Amino acid sequence: MIIDEYAKGLFQVGGGTYAYVQPNGYWGQSNAGLISDGGQSMLVDTLMDLRLTDEMLTVMADAVPAASKIDVLVNSHADIDHTYGNQLVKGARIVASQASASEFFKVTPEYLVDIITNDHSEGGRYIAEKMGSHLFDYSRIVLTPPTETFDRQKTIMVGDKEVRLLAVGPAHTAGDVIVHSVQDRVVFTGDLLFLGVHPAIWAGSVEGWIDACDTMLSLDVDTFVSGHGPVTDKNGVRTFRAYLVEIRAETRKRFEAGLSVEEAAFDIAWSPPFDEWLSPERVVGCVNYLYRSWGSTDTIDDFVGVFAALSRYAKRKRATGAEHVHTASCGHAH
Ligand SMILES: [Zn+2]
């Protein structure tokens with residue numbers, strides 16, 4: 001069953017499997033999931049803050065009584081938009097991959113609030129604009145890490161439903177996990193799948209990420225719940241796989257031609273549908289990451305510095321976009 005509609009809320013995507021979706025998949029607008037059977041429940045990921053996570057848990061409990069007490073939480077990976085709400089499932093087992101365990105809470109709420117409040121550099125201002133306190137509430141967050149980890153594979157029963165966890169990182173991060181609700185033929189991809197929005201790549205491996213897409217495509221399932229973007233089917237996974245292949249190839253050409261990270265990122269002209277995707281400035285982060293993985297020493301290595309580069313890209317894009325509007329010969333209808 002595929003959802004044609006891309007709206008906020010809880011959607012049944014299988015017998016006892018639900019997607020919680022937050023359009024448009026932008027900064028901190030992550031998706032999560034619920035698997036329930038026989039009075040038991042598994043939550044896949046929490047959200048960026050307590051308010052959003054609490055709202056989600058309330059919607060889930062209203063629709064599915066077993067969700068009023070979550071038995072198991074699986075964190076697909078350690079990023080804060082999938083883990084900052086963990087404390088709200090008190091008493092639940094919290095499961096993640098071994099590889100992701102060391103990645104949890106590298107970015108603390110205190111650190112983030114300090115940047116948002118006190119860092120008036122270009123990168124600090126960009127973070128404040130995209131993830132500031134006007135959007136998310138970082139108070140009262142008690143960092144709540146996994147209570148159990150696994151190496152490559154683990155099966156957990158939720159009632160009579162079999163849920164297979166597959167650790168496929170390094171891909172988006174070192175420790176990404178695919179959550180496969182077997183009988184309901186649904187996969188929660190975490191941030192292995194972005195649709196309609198450019199992905200963030202800070203760590204992990206693009207090669208590993210392409211392999212993870214192949215693993216997802218090899219599964220006998222109908223529905224994929226992306227980490228950011230709409231619910232989809234195998235075509236969505238194929239589209240995102242093509243994105244990764246394209247960014248690797250386009251970046252490699254510019255790397256070999258000696259362009260800097262920022263010049264390379266700006267120079268890439270995207271083919272459809274990627275040219276319409278949100279947050280194109282994230283390409284700088286992806287290019288920066290690829291350059292580093294290819295041994296370049298000319299990369300941006302500090303957290304705020306990467307966001308400064310994203311901000312420069314966005315400004316430059318707006319400036320050239322404005323120029324474009326005024327070009328009479330460009331052949332587009334304005
Ligand atoms: Zn995310």
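Quantities reported herein were computed from a predicted structural model and do not represent experimental measurements. Numbering of ligands and ligand atoms starts at 1, following listing order.
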Does the ring of Phe266 carry Lys317 above it, NZ/CZ under 6.0 angstrom from centre and within 45° of its axis?
-> yes
Hey, is there an N, O or S on His77 sitting under 2.8 Å from the Zn ion (ligand 1)?
-> no
If you look at every heavy atom in Asp37 and Val158, which pair is closest and at what distance?
-> CB-O, 3.2 Å
Counting backbone and side-chain atoms alike, does Asp79 have an N/O/S atom under 2.8 Å from the Zn ion (ligand 1)?
-> no
Restricting Asp81 to its N/O/S atoms, the closest one to the Zn ion (ligand 1) is OD2
Take atom CG in Asp220; do more than 12 heavy atoms of anything else shown fall under 6.0 Å from it?
-> no
Per residue Asp191, nearest N, O or S atom to the Zn ion (ligand 1) is named OD2
After noting the C-alpha distance and the side-chain angles of Asn86 and Thr144, does the key distance pass the side chain to side chain donor-acceptor pair (under 3.5 Å) rule?
-> CA-CA 6 Å; Asn86 278 9; Thr144 306; over 6 Å; no
